[in-house]
Structure formats: C-alpha cells, structure tokens
*Asks:* 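Can you read through this structure? Questions will come right after.
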Amino acid sequence: MKELPKIYDPKEVESKIYDMWMEKGYFHAERDESKKPFSIVMPPPNVTGQLHMGHALDCTLQDILTRYKRMQGYNAMWLPGVDHAGIATQIKVEEELRVKEGLTRYDLGREKFLERVWAWKEMYGSRIVEQQKKMGVSCDWERSRFTMDDVCAKAVREAFVSLYEKGLIYKGSRIINWCPHCLTALSDAEVEYVDKPGHLWHIRYPLSDGSGEIVVATTRPETMLGDTGVAVNPEDDKHKHLIGKTCILPLVGREIPIVGDEYCEIGFGTGAVKMTPAHDPNDFEVGLRHNLEVIRVIADNGTINENGGAYEGLDRYECRKKIVEDLEREGYLVKVEDYSHNVGTCYRCHNDVEPLISAQWFVKMKPLAKDAIRVVEDGTVKYIPERFSKTYLNWMNNVHDWCISRQLWWGHQIPAWYCDDCNHINVSREDPTKCEKCGSTHLTREEDVLDTWFSSALWPFSTLGWPDKTEDLDYFYPTSVLVTGYDIIFFWVSRMIFSGMEHMKKQPFDKVFIHGIVRDSLGRKMSKSLGNGIDPLVIADKYGADALRFNLITGNSPGNDMRFYEEKCEAMRNFCNKIWNASRFVMMNLTVTENKLPEKLELPDKWVLSKLNTLAKEVTDNLDSYELGVAAQKIYDFIWDTFCDWYIELSKPRLQAGDEDVQHVLLYVLTEILKLLHPFMPFITEEIYDALPHNEEALIIAKFPEYTDALSFPTEERDFEMVMESISAIRSRRAEMNVPPSKKAKVIVSTAYPEAFKGTEMYFERLASASEVDIFGADADIGGDGYVVINSAYAKMALPMAELVDLDKERARIEQELKKNRGFLENQERKLANESFVSRAPEAVVQVERDRAEKLRALIKNLEETLAGLK
RNA sequence: GGGAGCUUAGCUCAGCUGGUUAGAGCGCCUGCCUUACAAGCAGGAGGUCACAGGUUCGAGCCCUGUAGCUCCCACCA
C-alpha cells in the first residue's frame, strides 16, 4: 500500500492524474447502441481568450454533469472546441500588426492578413485548451472542433444557402448599428445601451414662407445635416396647421417638409421632431411613410461626409460642438436642457455605435422564431432555472431581423457572387463560375463575412458532422444539456434553438442550464479595465483545482450571480486536506486488502451505512434536478461530520482491538464517498482511490453509488443516535464546567433503551472522556451526593465529580433547563391538541410531532428526577 | 415603459414542490497539540427570515400591497 504525505499537494497530483485519464482514453466516447448517450457541446471559448472565472464555473458545471453521467454508465460525450471570434480576433491581430510593424490590414491585403490570423490562431489557439485541462475537464479532445475548420465551414455554407433559397436570408438597405471603430455592422444584440448624460437642444427651424418658425428638440444636433423633414403629431393643435408647409434647415439652407406622423408624441420636447432618415431607425420609418429623402452625412469612420458641406471631415462629436456654436451664434438655438439618454455602444470596443443606412445581409426572423418559441413553450427545451424561459420568450417574441454581414476579413465569407453584368446575386453550395441568370463569367464575390454567432448557432450539429447524415448526429443529437451564462441567451442560445429547429427539425438540446456571473468580492463584474479579475489558474495553483471547483459550485444557486472570495478557497482546500487525512488514517490502519462489507455489522456500522445510503439517494436526486451546489454541500457535510467527526472516532477503539470488520466498513464508506465526490473533486478523489485497495480500474469510470434497501437501517440509525446524543450531552456539560478532556471520569448510565446502549461503553470512553462505563436500565437509581448528573432524552448519566458539584448552581441550572423544555413541550402539546392539525396534517408529520413531544417528556422526566435527587 | 431577480447571523450566501427549536463557510468567544488532520478537535454566542396585510392546522417558502437594491429588454426625439 502506498504511503500518502501528511499534507495534500494538489500540484503534483493533478497533472499526473490528468495525464493518466488522457492516456487511458476515458474521455473519449464512441457511438455505442448498448449504452444511453449523454452529450454536451461545450460553449466554445474565443480563440483569443484566456480562461477566466466565468469559464472556470462553466466548465466545472459541465464536467460535474459529464462525470456523474459517465459514472452512472451513460455514454458521456462532451465535445470541446474553440470559436474564431471574428471581431475580437481580428482586432487583436490588427493591433499586433500596428504595434510591431506599423501596418494596417489594408497594407497587407486580405489574403496576407488572413494568413497572419491563422498563424496567430496556431500560436495562441491552444492556450485556452491547456488552461481548461488544468480545471480537470473530462471532455473528448479527439472531437475538438474550431468554428472555422472545414467541417464547420461546410455547415455554415449549407445553412446559409438553404436559408437563402427559402427566402429567409436577404440583402437589403436598412438602418443598422455601425461601429465606427471596428468598422463593421453589428446586430441588435451586439449593441449595449449605456445611460449617458447629455443635452436636449431646442433648435429653431424658420418656416419657408416667413410666417414663423418651428422649434425641434434633439440630443444629436450634428445629425441635422442629414435632416430631410420635420414631423409633428397630426392631432397636435399647436402644430397641425403647419403640416404641408416647409421650413428651412438652419446652417444648411435646405428646404424640408413638415409632415404629420403619430410617431411624434404630443407634449414631449417641443412637440416637433427633426427627421434624419439616414441615421435613425424611427426617422427612417417615418421617412418611408412620407417619402422623405435619405441623406447620409456620417461616414463609416465616424466623420462627417461630403454631404455635410462645411462640416465635412469633422469627427461626429467635434461636429456636434461646432454646430451648436454656430447655431447659437446665428440665433437658432432656443435653449439647452440637461438630458440623459441611452446611447448604443459596441459590445467589443465600447465606442458609441452609429445608426446608419447600409446595405447588409439579414436573416428573416419571424418565420424562424415560430418553432423556436413553440419548443420552449411546450417544454421540449427546458430552461433551468425556469425563469429564463421568460427572458428567452420575451426576446424571441419581439425579435427583429438579424443583421449577419460583417465588414471584416476574419470569418466565414458570405457565399454570394454579384454578376458584374446583370447585378444578379448568385448564392450556391459550390463556387459559381458563371452567373446563373445571364451566364456572364464576370462575377465578384461578396467581401463581407458572417457574424461569428452565425456559425456558433450551428454548433450542436455542425460539430457532429451536419449536413452529412452522420452516425454521431443520429446518436448524440439532440444533445442532453447546454450549460451557459444568462448573458449569452440572446447571442447564442436562442440562435442555436431556431437553427436547430430549422436545419435539424429537432431542438439542439433538451435542457438549458443557466448560471450567473462570477463577481469580485465587492460584487463588481470582473473586468480588464477595473483590473479586478482573478485568474482561476493562479487560484488553482495555490489551492488546487478541486478546491476552486468546489468553491465555484457551493454556496450559490443556479442562475444567480456569485461573489468570489479567496478565503473560501482556503476553506475548500482545508476540506481537501480533511479528506486526504481521513484517507491516510484509514490506510494506516488497514490490514485487510479487499474492499467488501463484513458479514457482521455493529450498531455504528449500520448507522453510518444507512446514512451513506440516504446520502447516495439525495445526491442523485439533487444532481438529476441540477441542484449541484446542494448535492456538493451534502457530501461535504457527510464527509466532515458523519464520517470524520463521528465514524472515524468511533472506529478507533475497535481498530486498536484488532477488529477487521471495522476496517472493511471504513474502506467501504471511504470508497463510496470518493465516488460521490469524484464529479466535484476529480483529482484528489482519483488519487486516493488509486492508493486504496479498489475493485474498479479507475474512479472516473467506477459506478456511481445508488440507494439500496439492503443498506437501509432506520431502526439502528435511530438507536445509535440516542447514544450519540448522550455522548454529546456529556461533552457539552464537561465543556461548560471547564473539565479538560484529559480528566477522565466514570460514567454511570441509566436508560430506558438498554438494548441501544449495549456494548457502547467504548464509545463513551473514547468520545466522552469516560474512564469506565456502567449501563443500567431506566429504573436504576443513579446520582446522589458527589455526582454530576447529565440528562439526555434517552439517558441519565452520573459522573462522580464531587469537587465540581455546587448544589445551588446545579439546582438553578436544572430548573432553567426544565423551564426551557417545558416551554417546548407546551408548544408541542398545544399543536397536538389542535384537532384540525391532527386531522389535516399528513400522518407522518403528526407522528414527528408526537415523537418530539415524547422525547421532551422523557428529558423532562429525567431532569425532574435529577432535581429531586439533589439534597 | 415593460420584465426579472434580490432583501435570512458581524460578512458572503444556502434553504429544492409550505411541515423539527431556520443552516453553512468565514469571523467571534471558551477549552484542548485526544497517536488522520492546529489547514485540526470539542463546546458556545449570534437571526422579530425587508415591511404590512392575507391564505393555511402550519408560512423564510404561497397570494396581495409597500419600500430599498440589482439586472435585462424596449425606436420616445
């Protein structure tokens, strides 16, 4: 048998164990009809990414589920991968190019630039994989995919073409969100709205006929350069007479119409709204209704374009300043109010997004949303916690068309070719050589690439070989559960659901297990700019990956944010050490070499086995309902309290007496504990299992404990708890009297349950500092002069400690205790006397109350007798 | 403007479909190096479960309302 060191050193153990798992191929899953599949696809981290706490939590949850199912005999397949992360990666490589070589991507050209990105990907793409391995993830690395690899590319092409052919993808000019920094269009989901303080400028627009003026209010005066109308509400008595007239745009001099439209709200601002159809989605709609001209004045890079006249070339915010100055100087500015409003910002670079009109590719969402809504509503796809289905449905019910084209180079290039001669758009599975409409061979490929999330949306089936009809798809799809944070429900989860329904005609997963965000100890989001991020690898290095994992999943509930405390890691490391030392203890006392239960079980054996049996049932139930934290907590409590603090202590006298049966029970219980704990703390449990005599090849593939009637001993459990309670009563009393454990004292027990107490003398000696123990029946007259009498509900215990007895104090103490317990009993009796309680509450509940009352009566009786015995 | 969540011990949080005298970790107090572990052991203090009503035999949990905090969504200039 191996000797374990006194302190558990995770660093040494973890890499060794991980290598062993890899070498044995335990993570790999192949289609096997004799087993039920359990499959998870991992949310692919960005190829630019570093593992952060969110990933650590995410992969820990998935690993726990995967290991649990694997141990239950499922064919557990967890598919990992990496996302090409279009914008994020391109920005990173461009940045490197700029800093190191002073070049832009345009200097290199598309082809050369992409070579650089691929080289970058080769260099850094595996970093996050290595980091995940440190966390102990048991995913099938042989199945690892990249969203830009050939398999995924084929799926993207098929998905795009098929949607296009069905008319569900179209190209059109719409107001889109444009990031002037990233120089690309964004989808609605990629815009983050931030409340920013600003102003509401009231501007005078003179009427063309010189009969007066109309005052408009705006938060973005620079956009007036593109104004092509003013809207007022047709019901607005103050303004409706102006409808049909025109006014002169200050500074620009353009004559623009005043139109009546209900979009303009009476009483807000000045009651008149300037219309900039090229730079505001609402104005665009109004413009369509009233045939307003569309004049774009802001260029892609955020400066004013040639339509801005004198302002051309100015940055949009400089221009704003300048325009306000000019308006004021020329007397057009009526007033300025402070006004805070929502400004859209880019989720990647956080610069203000510019709404502008642009020709882009869109996915028509309404028809696709139908099935995606249905499967969540009818429970085919279940969110855990349930409340997130509301978030999802709310979004899906109000979904707008999805802008999927990006003006980037890094990504899946859109498979569309424009005919130079007839302008026809050719979209096809194979690269076309001539226009399908006019036959021209002059074709130009669309330069734009697809939104990264377009390929992510196909992840659950593209990774399994779709569009080919593969065996993997047949066997592992739909996947069992998707684990991810609530912050990407819109980006990803919803798009996977509609894509799965559209392309596979089946939901991509049965369950969506949502977790929250890991925050710092002050409750702030961890971020680079705040510099408050905690590196999971540093923590894992310091406390062990097992401790980190346990930290992340206990003490919080699904879907809720959590705070990260390093102190808690310390507690979890201590827990590891506790298990380690308990195992050392078992090992150093082991002479038997076989893990099997003995024929003859003593009372404490039955007690601990019965508790273990219950634990297995509860943990299984909790895990099946995704209550991972609760399950972990129960295992923790069992190990620390039940096994270490009680059973190991109880085993000591028997071990000393050379009892082999107790060795077997220790080994058995410890092994079962390791199995229960393994999904949560895979490293330390595997290491210990390997050092123990074991029946299965490795813990990772050992059978997960199950409840069994054969090991259910409710009577013995209750009996032994009487003894434990009595021992506790002695300990408590001794501590109160400040008697050191080294001062042993005889214990005389009088109990109404002599059968339960039979043979328990050694436990009193070991755990209650008894020098010797006499056990008598309930009628025994114990106590008297020179004795301290201790009462439990099941026994009266007398300790000869004359020097400690102060009769007055003793009397007062017992009276105090009597008072308290009589109070409790009174409560109990009142409850039991309540006719409606007894008749309406379930019998089991009533019985619990009766037992409790009975217990109180016994305790009170003991106390009364003791009091009477005090002279 | 909608929607969601939170409010439980000094701190951070559990408490699963209503059923003991409401729990954990950390912190605090007392005593112990008891031959697995001082990263430990034993004992202990500490909570009118935000507030007000209601339903129920029974409410931290369900319903209604109030207050405070947080987040998400939404085209109000």
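Chain identifiers are assigned alphabetically (A, B, ...) following the order of the sequence lines, protein sequences preceding nucleic acid strands; residue numbering begins at 1 within each chain.
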*Asks:* Any salt bridge between A:Lys196 and A:Asp352, counting N to O under 4.0 Å?
*Replies:* yes

*Asks:* Applying the side-chain contact (heavy atoms from CB on, under 4.5 Å) test to A:Thr671, which of A:Ile688, A:Leu666, A:Leu692 qualifies?
*Replies:* A:Leu692

*Asks:* In whole angstrom, what separates A:Leu670's CG from B:C37's P?
*Replies:* 16 Å

*Asks:* Have a look at A:Lys274 and say if it touches a base, only the backbone sugar-phosphate, or nothing, with a 4.0 Å heavy-atom cut-off.
*Replies:* nothing

*Asks:* Side-chain donor-acceptor pair under 3.5 Å between A:Asp851 and A:Gln847, yes or no?
*Replies:* yes

*Asks:* Pick the P atom in B:G18 and in B:U30, then give their distance to the nearest Å.
*Replies:* 44 Å

*Asks:* So A:Ser625, base contact, sugar-phosphate only, or nothing? Heavy-atom distance under 4.0 Å.
*Replies:* nothing

*Asks:* Does the distance from a Lys or Arg side-chain N to an Asp or Glu carboxylate O, for A:Arg822 and A:Glu829, drop under 4.0 Å?
*Replies:* no

*Asks:* Hey, does A:Pro355 reach any base, or is it just sugar-phosphate, or nothing, if we go heavy atoms under 4.0 Å?
*Replies:* nothing

*Asks:* Could you measure between the two C1' atoms, the one in B:G53 and the one in B:A45, and give it in whole Å?
*Replies:* 35 Å

*Asks:* Counting neighbours of NZ on A:Lys617 that are heavy atoms of other residues, nucleotides or ligands and sit closer than 6.0 Å, is the number greater than 12?
*Replies:* no

*Asks:* Between B:U8 and B:U70, how far apart are the two P atoms, rounded to whole Å?
*Replies:* 15 Å

*Asks:* Provide, to the nearest angstrom, the distance between the CG atom belonging to A:Asn551 and the C1' atom belonging to B:C13.
*Replies:* 12 Å

*Asks:* Using the ring centroid of each side chain, check whether A:Phe643 and A:Phe638 are separated by less than 6.0 Å.
*Replies:* no

*Asks:* Regarding A:Cys264, tell me which of base, sugar-phosphate or nothing describes its non-hydrogen contacts under 4.0 Å with the strands shown.
*Replies:* base

*Asks:* Using a 4.5 Å cut-off on heavy atoms from C-beta on, say whether the side chain of A:Gln656 contacts that of A:Arg766.
*Replies:* yes

*Asks:* Return the stems involving RNA chain B, sorted by first number, where pairs are Watson-Crick (N1-N3 with N6-O4 or O6-N4) or G-U wobble (N1-O2 and O6-N3), both under 3.5 Å, and runs are 3 or more long.
*Replies:* B:1-7 with B:67-73, B:10-13 with B:23-26, B:28-32 with B:40-44, B:50-54 with B:62-66

*Asks:* If you check every side-chain atom of A:Arg852, which of B:U20, B:A36, B:G19 has the closest atom?
*Replies:* B:U20

*Asks:* Taking atom CD of A:Glu725 as the centre, does the number of heavy atoms from other residues, nucleotides or ligands within less than 6.0 Å exceed 12?
*Replies:* yes

*Asks:* Once you round it to whole Å, what is the distance between C1' of B:A4 and CD1 of A:Ile514?
*Replies:* 14 Å

*Asks:* Taking for each residue the nucleotide of RNA chain B with the nearest heavy atom, is it A:Ala582 or A:Ala272 whose nucleotide lies nearer the 5' end?
*Replies:* A:Ala582

*Asks:* Please step through side-chain hydrogen bond (donor to acceptor under 3.5 Å, both in side chains) for the pair A:Asp227 and A:Tyr205, ending with a clear verdict.
*Replies:* CA-CA 11 Å; A:Asp227 281 5; A:Tyr205 283 18; 2.7 Å; yes

*Asks:* For A:Ile688 and B:A36, what is the distance between atoms CD1 and C1' respectively, to the nearest whole Å?
*Replies:* 12 Å

*Asks:* Let me spell it out: for each of A:Arg387 and A:Thr554, pick the nucleotide of RNA chain B with the closest heavy atom. Which residue's pick is nearer the 5' end?
*Replies:* A:Arg387

*Asks:* Can you check the distance between B:G40 and B:A4, where both ends of the measurement are the C1' atom (answer in whole Å)?
*Replies:* 45 Å

*Asks:* How far, in whole Å, is B:G54 from B:C71 if one measures between their P atoms?
*Replies:* 35 Å

*Asks:* For A:Ile384 and B:U17, give me the distance from atom CD1 to atom P, rounded to whole Å.
*Replies:* 14 Å

*Asks:* Would you kindly check whether a donor in the side chain of A:Glu627 faces an acceptor in the base of B:A14, or vice versa, at under 3.5 angstrom?
*Replies:* no

*Asks:* Please give, in whole Å, the distance from B:U20 C1' to A:Leu856 CG?
*Replies:* 10 Å

*Asks:* Using a 4.0 Å heavy-atom cut-off, write out nucleotides 69-76 of chain B from 5' to 3' as B (base contacted by protein), S (sugar-phosphate only) or - (no contact).
*Replies:* ---SSBBB

*Asks:* Does a donor on one side chain sit under 3.5 Å from an acceptor on the other, for A:Tyr763 and A:Glu649?
*Replies:* no

*Asks:* With a 4.0 Å limit, can you tell me whether A:Gln828 has a side-chain N or O closer than that to the phosphate oxygens OP1/OP2 of B:U21?
*Replies:* yes

*Asks:* Between B:U7 and B:A14, how far apart are the two P atoms, rounded to whole Å?
*Replies:* 7 Å

*Asks:* I'd like to know whether CD of A:Glu192 has more than 12 heavy-atom contacts from other residues, nucleotides or ligands below 6.0 angstrom.
*Replies:* yes

*Asks:* Suppose we call a contact any N or O donor and acceptor under 3.5 Å apart; does that hold for the side chain of A:Arg563 and the base of B:U12?
*Replies:* no

*Asks:* Give each protein N/O atom lying under 3.5 Å from an N/O atom of nucleotides 39-46 of chain B, with the pair distance.
*Replies:*
residue	atom	partner	partner atom	Å
B:A39	O4'	A:Asn574	OD1	3.1
B:A39	N3	A:Arg573	NE	3.2
B:A39	N3	A:Asn574	OD1	3.3
B:G40	OP1	A:Asn574	ND2	3.1
B:G40	O3'	A:Lys578	NZ	3.0
B:C41	OP1	A:Lys578	NZ	2.8
B:C41	OP1	A:Trp640	NE1	2.5
B:C41	OP1	A:Asp645	OD1	3.3
B:G43	O3'	A:Ser732	OG	3.3
B:G44	OP1	A:Ser732	OG	3.2

*Asks:* Whole angstrom is fine here: how far is it from CD in A:Glu567 over to P in B:C28?
*Replies:* 12 Å

*Asks:* Base, sugar-phosphate, or nothing: which does A:Ile648 touch, judged by heavy atoms less than 4.0 Å apart?
*Replies:* base

*Asks:* Taking B:G15 as the reference, what is the distance to B:C32 when you measure between their P atoms (whole Å, please)?
*Replies:* 39 Å

*Asks:* Atom NZ of A:Lys390 to atom C1' of B:G3: distance rounded to whole Å?
*Replies:* 8 Å

*Asks:* Is A:Glu849 salt-bridged to A:Arg852, going by a charged N under 4.0 Å from an acidic O?
*Replies:* yes

*Asks:* In plain terms, say whether A:Lys652 and A:Glu765 are close enough for a salt bridge, that is, a side-chain N and a carboxylate O under 4.0 Å apart.
*Replies:* no

*Asks:* Using the ring centroid of each side chain, check whether A:Phe513 and A:Tyr383 are separated by less than 6.0 Å.
*Replies:* no

*Asks:* Can you tell me which nucleotide in B:A36, B:G19, B:A24 comes closest to the side chain of A:Met588?
*Replies:* B:A36

*Asks:* Heavy atoms under 4.0 Å, any strand shown: does A:Val845 hit a base, just sugar-phosphate, or nothing?
*Replies:* base

*Asks:* Quick one: which of B:A77, B:U35, B:U12 gets closest to the side chain of A:Val273?
*Replies:* B:A77

*Asks:* Given the P atoms of B:A39 and B:G23, what is the spacing between them in whole Å?
*Replies:* 29 Å

